[in-house]
Amino acid sequence: MLTIEERERVLAPLEEAWTLPPRAYTDPAVWDAEVEHVFRRDWICVARVDQVGEAGIQLPVDVAGQPIVLTNATGGAEGIRALANVCLHRAMPLVDEPATGRHLTCPYHLWSYDLTGRLRTAPLMDGCAGFEVGDQQLPEIPVEVWEGFVFVCLAPEPEPLAPRLEPLRRLVADHAVGDLVIGGTIEFDSPWNWKLLVENFMEAYHHIGPHRRTFQPIYPAAHSSVPDNEGGPWSLLRMPGNRDDLDGDGRDGLPFLPGLRGRQRDELLAACVFPTLLFAPSSTLAVWYELRPRAHDRMLLRIHLLLPPETLARPEIEAAVPAILDDIDHVHREDIAVNEGPWRGLQAPLTGQGRLSPLERSIHQLNQLWLDRVDPGR
Ligand code: FES
Ligand SMILES: [Fe+2]
């Protein structure tokens with residue numbers, strides 16, 4: 001897929017490394033390989049636990065062409081299941097929109113399943129030889145919850161995710177991201193390759209460009225750093241702030257996350273769990289970038305504001321949330337320009353690989369993970 005020279009440039013130590021070649025982003029055949037070797041193999045984040053924690057919930061999601069419905073028969077994180085959202089009769093998807101109720105009823109011929117995926121009723125099937133309603137079960141997909149994020153994995157008997165994320169969990173533990181809940185959401189149709197957004201999210205080098213008036217004065221590009229991930233399926237970008245006075249509240253006027261001390265109260269973090277979970281804890285809140293890649297040239301992006309329940313319960317927060325979402329929207333629009341631009345540039349015939357800055361260590365780490373799966377040089 002990549003030439004020997006292109007591979008060597010990606011695999012080189014960071015100081016000598018280059019980006020992925022343009023067709024890693026633009027070629028539909030590479031997307032097909034990603035579907036097969038990444039999105040149908042790796043753990044994929046599809047929800048927050050507070051979206052699916054209630055008994056009776058039914059949340060449809062799609063992973064690499066597999067419709068899935070997240071259900072919860074009993075309530076609580078332990079009750080979360082992921083079922084194939086495709087009827088066992090003639091393949092009609094069962095649930096199109098988020099819903100609540102004790103049954104998943106197919107709109108085609110009204111076969112009805114309980115929230116564990118067992119078929120309960122199938123009208124007018126008398127005379128169908130050897131057909132027992134109670135024997136029919138929707139395929140179940142492995143689920144794991146990590147720091148409040150709900151992951152599914154389409155691979156049979158996948159290796160558990162949490163042990164491989166333990167170093168990352170320790171690095172973000174004081175933010176207690178697992179305790180945060182969604183306080184607001186904005187949505188963007190994003191007609192470019194998903195890796196452009198991931199790479200942009202995971203480097204602060206560009207603070208000097210599109211964010212020179214927003215992030216750069218607060219979180220200077222040159223102060224950012226990335227710890228070694230030892231090849232684990234994650235990356236972390238640290239962006240220390242330059243605020244002197246750390247008394248009172250955070251820069252946005254919200255109370256500090258309760259576990260943070262000292263300089264942690266003026267640091268922005270950005271984390272990626274490969275391939276598509278992106279979240280960024282600040283000193284007062286976190287944002288979750290929910291990426292849903294659809295093709296090599298399109299994805300849906302939802303940016304969720306995550307807050308501690310105590311902050312969400314404060315009376316003034318209702319008025320504050322729209323302003324926080326406006327700020328997030330403003331910064332993301334600065335990023336859209338530098339996603340759309342490279343998307344155009346990557347399609348140009350004279351474009352090739354580019355050199356990485358030492359500040360782009362996360363991109364180097366994520367490229368190793370990508371290459372290992374999509375083009376391991378077999
Ligand atoms: S396709 Fe679902 S009941 Fe027929
Ligand atoms: Fe940015």
Side-chain angles (χ1 to χ4, degrees), residues 58 60 67 69 83-96 99 101 103-114 117-128 131-139 186 188 190 192 194-224 226 235-239 241 267-272 278-282 286-289 291 299 301 303 325-343 357 359-363 366:
Q58 306 172 6
V69 58
L83 304 169
N85 184 16
V86 176
C87 186
L88 296 172
H89 177 219
R90 277 173 43 217
M92 179 77 185
L94 296 166
V95 184
D96 272 339
H103 295 99
L104 307 161
T105 301
C106 179
Y108 202 169
H109 312 94
L110 309 188
W111 286 23
S112 186
Y113 305 81
D114 67 22
R118 186 157 301 274
L119 184 64
R120 290 298 177 187
T121 56
L124 307 180
M125 286 293 284
D126 303 340
C128 176
F131 176 82
E132 292 292 334
V133 164
D135 292 347
Q136 310 285 318
Q137 166 74 41
L138 296 171
I186 45 180
F188 301 87
S190 306
W192 55 79
W194 63 276
K195 295 189 290 301
L196 287 175
L197 193 137
V198 172
E199 292 170 5
N200 177 246
F201 191 90
M202 291 306 297
E203 54 95 346
Y205 182 19
H206 74 284
H207 287 190
I208 59 175
H211 302 317
R212 63 193 169 280
R213 278 189 283 275
T214 47
F215 276 165
Q216 175 64 13
I218 310 172
Y219 305 114
H223 296 177
S224 67
V226 174
S235 185
L236 181 73
L237 170 67
R238 317 191 72 127
M239 293 166 274
E267 186 178 42
L268 178 64
L269 304 177
C272 175
L278 300 177
F279 64 100
S282 75
V287 292
W288 165 37
Y289 277 45
L291 266 67
M299 74 189 147
L301 170 67
I303 305 179
L325 289 174
D326 273 356
D327 286 347
I328 295 170
D329 180 82
H330 179 80
V331 169
H332 183 60
R333 286 179 194 284
E334 293 176 342
D335 282 321
I336 286 176
V338 292
N339 280 249
E340 281 177 345
W343 178 239
S357 155
L359 291 174
E360 293 170 309
R361 189 177 189 192
S362 284
I363 297 177
L366 296 169

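Each ligand, and each atom within it, is numbered from 1 in the order the structure gives. One is the number of the first residue; the rest follow in order along the sequence.
To the nearest 10 degrees, the Fe ion (ligand 2) sees NE2 of His211 and NE2 of His206 at an angle of 100°.
When Val86, Leu88, Leu83 are each tested for a side-chain contact (heavy atoms from CB on, under 4.5 Å) with Pro139, only one passes: Leu88.
Between Phe215 and His207, the ring-plane angle classifies as tilted under the 30° and 60° cut-offs.
Checked against the Fe ion (ligand 2), the N, O or S atom of Asp335 at the shortest distance is OD1.
Taking the six-membered ring for Trp and the full ring otherwise, His89 and Tyr108 have centroids separated by 6.0 Å or more.
Using a distance-only test at 3.5 Å, with no hydrogens or angles considered, a donor-acceptor pair links the side chain of Gln58 to the main chain of His103. His109 contributes no side-chain N or O that, together with a main-chain N or O of Cys106, makes up a donor-acceptor pair within less than 3.5 Å. Under the 3.5 Å distance criterion, the side-chain polar atoms of Gln216 are matched with a main-chain donor or acceptor of Ala221.
Nearby protein atoms of type N, O or S around atom 2 (Fe) of ligand 1 amount to 2 (distance under 2.8 Å).
Separation of atoms NE2 (His332) and CG (Leu301) is listed at 5.0 Å; rounding is to 0.5 Å.
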